[in-house]
**Student:** 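Here's a structure for you.
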Amino acid sequence: MEVLFYIAAAVTFLATLRVITHVHPVHALLYLVVALIALALIFYLLGAQFAAALEIIIYGGAIMVLFIFVVMLLGPLAVEQEKSWLTPGTWVGPSVLALVLLGEVGYLIAAGDYLPISGMETRQKGVSIVLYGPYIIGVELASMLLLPGLIGAYHLGRRLSKEPRSC
Amino acid sequence: MLTTHALMLAILLFGLGLVGLLSRRNILYMLLSLEIMLNAASLAFIAGGARWGQVDGEVMFLFILTLAAAEVSVALGIVLQLSYRFHTLDADAFSEMKG
């Protein structure tokens, strides 16, 4: 279990290092997705299964898809550019890191009854009770944050349909 | 022992995000660095929660997740606007405001 943690930590660190040193946005995003999945595995090993699932679904899924949409909207996609993105060499790094993570998850599944579901249930119940008990003001504040976020994103994206102003 | 090393990893990730934020001038990479730093903070909260056996760490993780979602949606709208108006993503080019 400790070895799994250190391998996942090394994968996270290497992938994050590649994110901030890469020049191409799509490749950097690919490495960031790998880093987020490795971080989700670390959350699982620390006993926070629900946080691990949310990390993959919301961070690795929703937020990264938003980033990829914006990267695709920023520049026109030429065929040659797309061909240069899909060369095997660019996929080797993230693939190797993701395969390491896949090996770890396969080991966890093969090892059997690690962190049984019954223990997770009471923990999730505790999270819910605390979230809607002492932290209810935080939930209200989150709703007050999300509504301006929605309106702001709508307002900023709406003007794009008009003629872009030249600088 | 595991949580101590998780905290050290959180410090490392936060440092990487900070270096990326300070060294890159492309505004998209600055946003990515902010995401990395938020992730490091949530890792620190999860490690703290695991260390003391409390669920508060996961609750704070949920709040950080909400904050990141709201922040990214607004910031990416701003990135799109800037790229349409200035035709570049260089953060040094956005210097129209005086003062």
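Since the model is a prediction, treat every value here as computed from it, not as a measurement. FYI, side chains are in, hydrogens and waters are out, and symmetry mates aren't considered; it's all heavy atoms of this structure. The chains referred to below are lettered A, B, ... by the order of the sequence lines, with proteins before strands, and numbering in each begins at 1.
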**Student:** Over all heavy atoms of both residues, which pair between Leu28(B) and Pro25(A) is shortest? Give the atoms and the distance, please.
**Tutor:**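 In this case the closest contact between Leu28(B) and Pro25(A) is CD2-CB, 4.0 Å.
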**Student:** Under a 4.5 Å cutoff for heavy-atom pairs, which residue among Ala62(A), Gly138(A), Pro134(A), Ala35(A) has the most contacts with chain B?
**Tutor:**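 The candidate making the most pairs under 4.5 Å is Gly138(A).
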**Student:** For Leu21(B), which atoms come within 4.5 Å of any heavy atom of chain A: side chain, backbone, both, or neither?
**Tutor:**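 Neither; nothing under 4.5 Å.
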**Student:** Do Leu131(A) and Phe63(B) come close enough that some side-chain heavy atom pair is under 4.5 Å?
**Tutor:**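 Yes, close enough: below the 4.5 Å cut-off.
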**Student:** I would like to know whether Phe61(B) and Phe50(A) meet ring pair (Phe, Tyr, Trp, His ring centres under 6.0 Å); could you show each step before the answer?
**Tutor:** CA-CA 10 Å; Phe61(B) 172 76; Phe50(A) 186 55; 8.6 Å; no
**Student:** Given heavy-atom pairs under 4.5 angstrom as the criterion, report whether the side chain, backbone, both or neither of Leu66(A) touches chain B.
**Tutor:**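 Both backbone and side chain of Leu66(A) come within 4.5 Å of chain B.
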**Student:** Any idea which of Thr3(B), Val55(B), Leu13(B) has the most non-hydrogen atom pairs under 4.5 angstrom with chain A?
**Tutor:**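 Option with the greatest count: Val55(B).
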**Student:** What part of Gln54(B) gets within 4.5 angstrom of chain A, counting heavy atoms only: side chain, backbone, both, or neither?
**Tutor:**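 Just the backbone, heavy atoms under 4.5 Å.
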**Student:** Can you say whether Phe13(A) sits under 4.5 Å from chain B via the side chain, the backbone, both, or neither, judging by heavy atoms?
**Tutor:**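 Backbone plus side chain of Phe13(A), per the 4.5 Å heavy-atom cut-off to chain B.
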**Student:** Which atoms of Ala75(B) are under 4.5 Å from chain A, going by heavy atoms: the side chain, the backbone, both sets, or neither?
**Tutor:**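 It is neither, since no heavy atom gets under 4.5 Å.
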**Student:** Side chain to side chain contact (heavy atoms under 4.5 Å, CB included), that's the test. Do Phe69(A) and Leu76(B) meet it? Break it down for me.
**Tutor:** CA-CA 10 Å; Phe69(A) 271 148; Leu76(B) 287 179; over 6 Å; no
**Student:** Checking Leu2(B) against chain A: side chain, backbone, both or neither under 4.5 Å from a heavy atom?
**Tutor:**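 Contact with chain A is through both the backbone and side chain of Leu2(B).
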**Student:** Identify which of Ile151(A), Leu141(A), Thr21(A), Val23(A) forms the greatest number of heavy-atom pairs closer than 4.5 Å to chain B.
**Tutor:**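 Answer, by heavy-atom pair count under 4.5 Å with chain B: Val23(A).
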**Student:** Would you find a donor on one side and an acceptor on the other, under 3.5 Å apart, between the side chain of Tyr29(B) and the backbone of His22(A)?
**Tutor:**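 Checking the backbone N and O of His22(A) against the side chain of Tyr29(B), a donor-acceptor pair under 3.5 Å is found.
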**Student:** Counting heavy-atom pairs closer than 4.5 Å to chain B, which one of Leu32(A), Leu54(A), Ile42(A) comes out on top?
**Tutor:**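 Among the listed options, the one with the most contacts to chain B is Leu54(A).
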**Student:** Evaluate side chain to side chain contact (heavy atoms under 4.5 Å, CB included) for Leu43(B) paired with Thr12(A), printing each intermediate quantity in order.
**Tutor:** CA-CA 12 Å; Leu43(B) 175 61; Thr12(A) 312; over 6 Å; no
**Student:** Run Tyr59(A) and Leu38(B) through side chain to side chain contact (heavy atoms under 4.5 Å, CB included) and show every step you take.
**Tutor:** CA-CA 11 Å; Tyr59(A) 259 115; Leu38(B) 277 177; 3.8 Å; yes
**Student:** Assess whether atom OH of Tyr132(A) is packed by more than 12 heavy atoms of other residues, nucleotides or ligands within 6.0 Å.
**Tutor:**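 12 or below, so no.
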**Student:** Can you tell me if CZ on Phe45(B) sees more than 12 non-hydrogen neighbours from other groups inside 6.0 Å?
**Tutor:**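 Counting neighbours around CZ of Phe45(B), 12 or fewer heavy atoms of other residues, nucleotides or ligands fall under 6.0 Å, so no.
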**Student:** Does Val139(A) belong to the same Ile/Leu/Val/Met/Phe/Trp/Tyr cluster as Ile58(A), with side-chain heavy atoms less than 4.5 Å apart forming each link?
**Tutor:**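 They do share one cluster, since a chain of ILVMFWY contacts under 4.5 Å joins Val139(A) to Ile58(A).
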**Student:** Is it possible for you to say whether Val34(A) and Ile57(A) belong to one hydrophobic cluster, with membership spreading through side-chain heavy-atom contacts below 4.5 Å?
**Tutor:**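 Linked within one cluster.
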**Student:** Should Val71(A) and Leu73(A) be counted in the same cluster of Ile, Leu, Val, Met, Phe, Trp and Tyr side chains packed under 4.5 Å apart?
**Tutor:**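 Yes; Leu73(A) is reachable from Val71(A) via cluster members.
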**Student:** Side chain from CB out, backbone as N, CA, C, O: work out which of these in Met30(B) comes under 4.5 Å of a heavy atom of chain A, or both, or neither.
**Tutor:**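 Neither part; nothing is under 4.5 Å.
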**Student:** Would you mind checking which part of Ser73(B) comes under 4.5 Å of any heavy atom in chain A, side chain (CB onward), backbone (N, CA, C, O), both or neither?
**Tutor:**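 Both parts, backbone and side chain.
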**Student:** With the 4.5 Å side-chain cut-off for hydrophobic clustering, are Leu156(A) and Leu67(B) part of the same group?
**Tutor:**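 Per the 4.5 Å side-chain linkage, Leu156(A) and Leu67(B) are co-clustered.
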**Student:** Does the side chain of Leu32(B) come within less than 4.5 Å of Leu29(A)'s, by heavy atoms?
**Tutor:**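 Side chain of Leu29(A) against side chain of Leu32(B), heavy atoms only: contact under 4.5 Å found.
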**Student:** Could you pull out the closest heavy-atom pair between Ala142(A) and Thr66(B), with the gap in Å?
**Tutor:**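 Heavy atoms of Ala142(A) and Thr66(B) come nearest at CB-CG2, 3.9 Å.
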**Student:** May I ask you to name which of Ser33(B), Ala6(B), Gly17(B) has the most heavy-atom pairs under 4.5 Å with chain A?
**Tutor:**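 Highest number of heavy-atom pairs under 4.5 Å: Ala6(B).
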**Student:** Do Val130(A) and Glu58(B) have side chains that get closer than 4.5 Å, going by heavy atoms?
**Tutor:**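 No, their side chains stay 4.5 Å or more apart.
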**Student:** Output the distance between atom OH (Tyr135(A)) and atom CE (Met60(B)), rounded to the nearest 0.5 Å.
**Tutor:**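 Here the rounded value is 6.5 Å.
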**Student:** Out of curiosity, does Tyr107(A) fall in the hydrophobic cluster containing Val96(A) (side-chain heavy atoms, cut-off under 4.5 Å, transitive links)?
**Tutor:**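 Different clusters: Val96(A) never reaches Tyr107(A) through Ile, Leu, Val, Met, Phe, Trp or Tyr contacts under 4.5 Å.
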**Student:** Select one option (side chain, backbone, both, neither) describing which atoms of Leu9(B) are under 4.5 Å from chain A's heavy atoms.
**Tutor:**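 Only the side chain of Leu9(B) comes within 4.5 Å of chain A.
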**Student:** Looking at Ile63(A) and Glu35(B), what are the two nearest heavy atoms and their distance?
**Tutor:**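 Heavy-atom minimum between the residues: CG2-OE1, 4.2 Å.
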**Student:** Would Leu16(B) and Val19(A) count as a side chain to side chain contact (heavy atoms under 4.5 Å, CB included) here? Give the steps.
**Tutor:** CA-CA 10 Å; Leu16(B) 275 181; Val19(A) 170; over 6 Å; no
**Student:** Heavy-atom distances under 4.5 Å only: say whether Ser23(B) touches chain A with side chain, backbone, both or neither.
**Tutor:**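 Neither part, no heavy atoms under 4.5 Å.
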**Student:** Heavy-atom pairs under 4.5 Å with chain A are the metric here; pick the option from Val74(B), Leu65(B), Leu12(B) that has the most.
**Tutor:**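 Greatest number of close heavy-atom pairs with chain A: Leu65(B).
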**Student:** Looking at Ala47(B) and Leu46(A), what are the two nearest heavy atoms and their distance?
**Tutor:**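 For Ala47(B) versus Leu46(A), the nearest heavy atoms are CA-CD1, 4.1 Å.
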